[in-house]
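Chain naming here is simple, since letters A, B, ... match the order of the sequence lines and numbering starts at 1 in each. These numbers come from the heavy atoms of this one structure, side chains and all, not from hydrogens, waters or symmetry mates.
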Amino acid sequence: MDIARVIVDVPTSQTNRTFDYKIPPHLEGVVDTGMRVIVPFGPRKIMGFVIGITDESKHDRLKAIGDVMDLTPVLTGELLELGRWIADTTLCLHISALQAMLPQVLKAKYEKEIHIIGDREQLPDRIQLVSNGRGYFPFDDVTEAGIPYSVVQKAMKEGTIELRYKVKGKETLKKIPYIAPAVPVDTLYEEYEGLSKQAKKQRLITSYFIEYPTEIEEKKLLEELNTTKASLKPLIDKGTLSRVYKEVYRSPYEEDAFERTEPLTLTEEQKDAITPIWRSVTEKRHETFLLHGVTGSGKTEVYLQSIQQVIEEGREAIVLVPEIALTPQTVERFKSRFGSNVAVLHSALSKGEKFDEWRKVQRKEVQVVVGARSAIFAPFQNLGIIIIDEEHETSYKQEDHPRYHARDVAIYRGEQHDCPIVLGSATPTLETYARAKKGVYTLLSMTKRMNEASMPEVERIDMREELHAGNRSMFSRSLFDKIQERMAKGEQTVLFLNRRGYSTFVMCRDCGHVSECPHCDIALTYHRKNDRLKCHYCSYEEAMPTVCPSCESDTIRYFGTGTQKIEESLQQLLPEARIIRMDVDTTRQKGAHERLLTKFGNKEADILLGTQMIAKGLDFGNVTLVGVLAADSLLHLPDFRSSEKTFQLLTQVSGRAGRDKLPGEVVVQSYTPEHYSIEMASQYDYESFYLKEMKMRKLGQYPPYYFLTLVTVSHPNQLYAMDVIRKVVTFLQEQLSEETVILGPTPSPLARIKDRYRHQCMIKYRNEPNLTKVMKRLFQLYEDEIQNKDLQLTIDFQPYHMM
DNA sequence: AGCACGCCGACT
DNA sequence: GTCGGCGTGCTC
């Protein structure tokens, strides 16, 4: 058993297989599956994952593993299996699947260096110059100096220099210095006696360690004894004391800052919901639950007490929360129940912080992880439950490689660990609800809000009538009156504006010219910070024009997110109102999101005006009015899920009103208030919406009746891309069944990105058991063009965005 | 992906 | 002759 099977860190289809390496004697018993190793690969050295250990190989003349990068495996056996499964089902490279399961800092970095090994005198002058006396230096220095590679090559042949490849994978552990006595107490006494009378501080320090002969954090020691490093240094130099660095966790959340909460008494509904979950936990049985509970019905308490049960049984829990809802408020609810038994993983943490939280899991220091999508890969070995809150959120699907859906991964892991999965939502996706109705998932319903609160009354306003009545503002008369009422009573209002299309673009008012990216078919976005225009898809940037590039008029200006405009007009109508605006502009800064919410929570404002980001998780008791300014802005997008998204958003937003004792009220403005998604959302009638929408989906042959798969082809040459997609469609028509529908080929909605033309086709099918196999063959068919002709082919199973 | 190797046209 | 540009093939 001295051969390791390794997946190498070379993301291309040609190396998408294992490579065998000999385990050298000094690493025998050290190398283990799931470890990262450094291996020679051609002339260089690269990182690889050991996915198996055997005693035979088809290859003779194996190279040996260079070194290990981990002392304990970073991937468990189960995660290695999961990686293979993700690669198989989403058709991504095996290495990409493995990398996706680990924190960013564990990704290897590579350095190429030139080492001088021969006589310096014999070095070519130009290299001599670059070396500047150094024994080795980065390879890039040579390239930057404009020295041709042949010069390097020659020097290598002559034996004066050598190329060395380095793999850097040292994750940055945060270390802080501790001071400890380096000699026994008796010796400390002697040292103390030997110190001169003038060395007051040194005597003080020594006497401290005579009294407490254990290690102490350097900072604390110096503070306590009111001294500085200067007096510590001679003691360390003499060898009386020693400085040791100890690893610490970067702690984004101070543990003791959370007041502990006790489990609340469950309502009847909550009890009914939690009992089957508990049963499944104790019986160690995999089962997927859909916890369908109206906003404010206390889903979180059900999660918390389910987790409690899991912890008591000595097992572990993963809680997924949408990125946008992963606010300190959410985290606090888990931290205050389970304290330091919780690790938190989300994008707002620095890479180092994420790694530290991940390591708490790896070292079995916590039993609970709360995090966004990628937290589903937490390396627990004894999972007792996986909870996915706000199951309908689209952020659970990763949009680039690997294109996995956290829900699918959760169910896969649940099967492996024989544990339940809980999908929670007030507005489940139709796919999920349909499965619950079919009995694939177990449906648990909670229809009442806690503390007897009723759902706020919703008033639908027809903005067409407002217009007829001569009101041309963004605010209906009713909404405006109600805002004023709240202000008079000292209560608060949340105003919600759906963003449509792209945030801030630049348009000429004279000729309608819109500044677009020269490399992509998309409008440029205005960045106020440096007064420049930027492309969101490539890194293109240009200065904000002062006159229109097309007609030279000076009426060119940028159009804000809408929230800005509304803020201005609202301020005009209500000069005394204190308004907080939350959108991409005001929350770009780190921590701004939280700061604004705290401000609003402290009642330092009357109105909170914002986009999507305020739809979730806000829980302010003093908010008694919620206004939706343009409910139909999502509705007319060319997306078969637009009705569903509208329903979800309206329900979500309405749930923000009247969370506490005060009754809430909701005003929904739209130009089509009679649309079923708006009407049924205002009546909180999920069931009717579901039935109606299912009919629409059936008619349109959309999910959940049909599955979708999107195939996109891109290439710098448009004709070439079109030619390929046409052939792809022909191929698919031959390979797939009669009933399967292929739409297209068509240009993608974003027809050009980074100077690449994009064409797509959509596959709609009911039953296509061999689809993955067919798609694999499709990849093989174009392997050469992908490798050598700059062709890109992407396949997205169950796409969320049709781009 | 990188890198070597080989073939080609284009320069000092 | 040597420099750089690309196409091709390989990495245990």
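Cation-pi check for A:R777 over A:F779 is not met; the charged atom does not lie both under 6.0 angstrom from the ring centroid and within 45 degrees of its normal.
One atom, NZ of A:K63, and another, P of C:dC12, lie 4 Å apart when rounded to the nearest Å. The separation between A:D9 atom CG and C:dT11 atom P is 18 Å, rounded to whole Å. Computed from coordinates, the A:Q787 CD to C:dG7 P distance equals 13 Å when rounded to whole Å. Protein atom CG of A:D790 is 11 Å distant from nucleotide atom P of C:dG7, rounded to whole Å. Distance CD (A:Q14) to P (C:dG7): 15 Å, rounded to an integer number of Å.
For A:H405 and A:F797, the ring centers are positioned 6.0 Å apart or more. Residues A:F377 and A:Y404 place their aromatic rings such that the two centres sit under 6.0 Å apart.
Salt bridge present: A:D723 and A:K727 bring a charged side-chain N and a carboxylate O closer than 4.0 Å. For the pair A:E81 and A:R84, the salt-bridge criterion is met [side-chain N within less than 4.0 Å of a carboxylate O].
Contacts between residues 20-28 of chain A and DNA chain C, defined by a heavy-atom separation below 4.0 Å, involve A:D20, A:Y21, listed by number. Within residues 43-55 of chain A, the residues that place at least one heavy atom under 4.0 Å from DNA chain B are, in residue-number order, A:P43, A:R44. At a non-hydrogen distance threshold of 4.0 Å, nothing from residues 91-102 of chain A comes into contact with DNA chain C.
Counting only Watson-Crick and G-U wobble pairs whose two key distances fall under 3.5 Å, DNA chain C forms stems of three or more stacked pairs at B:1-11 with C:1-11.
For A:Y110, there are no ring pair (Phe, Tyr, Trp, His ring centres under 6.0 Å) partners at least two apart in sequence or on another chain. A:A375 pairs by the side chain to side chain contact (heavy atoms under 4.5 Å, CB included) definition with A:L320, A:L345, A:V369, not counting sequence neighbours.
Using a distance-only test at 3.5 Å, with no hydrogens or angles considered, no donor-acceptor pair links the side chain of A:R756 to the main chain of A:I753. In this structure a side-chain-to-backbone donor-acceptor pair under 3.5 Å is present from A:Y21 to A:P40. Not a single donor-acceptor pair under 3.5 Å links the side chain of A:T18 to the backbone N or O of A:R5.
Identified under the salt bridge (Lys or Arg N to Asp or Glu O under 4.0 Å) test for residues 47-67 of chain A, with sequence neighbours left out: none. Screening residues 92-113 of chain A for salt bridge (Lys or Arg N to Asp or Glu O under 4.0 Å), with sequence neighbours left out, gives A:E111-A:K168, A:E113-A:K166. Listed by first then second residue, pairs satisfying salt bridge (Lys or Arg N to Asp or Glu O under 4.0 Å) with a partner in residues 37-53 of chain A number zero, not counting sequence neighbours. For residues 396-412 of chain A, the set of pairs meeting the salt bridge (Lys or Arg N to Asp or Glu O under 4.0 Å) definition, not counting sequence neighbours, comprises A:E391-A:R407, A:K397-A:D796, A:R403-A:D796.
In this structure, A:Y540 places its OH atom where more than 12 heavy-atom neighbours from other residues, nucleotides or ligands lie under 6.0 Å away.
Relative orientation of the A:Y149 and A:F139 rings is perpendicular, given thresholds of 30° and 60° on the angle between their planes.
A:Y165 comes within 4.0 angstrom of the backbone, heavy atoms only, and of no base. Counting non-hydrogen atoms under 4.0 angstrom, A:K789 reaches nothing in the nucleic acid.
Under the 3.5 Å distance criterion, with hydrogens and angles disregarded, no donor-acceptor pair is assigned to the side chains of A:S395 and A:E323.
In 5' to 3' order, the nucleotides of DNA chain B bounding all contacts with chain A (an atom under 4.0 Å from a heavy atom) are B:dA1 to B:dA4.
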Where do N or O atoms of nucleotides 3-5 of chain C meet protein N or O atoms at under 3.5 Å, pair by pair?
unit_1: C:dC3; atom_1: OP2; unit_2: A:S150; atom_2: OG; d: 2.8

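No option in A:K364, A:H417, A:E78 other than A:K364 meets the side chain to side chain donor-acceptor pair (under 3.5 Å) test with A:Q381.
If A:D784 and A:F19 are placed on DNA chain C by their nearest nucleotide, the residue sitting closer to the 5' end is A:D784.
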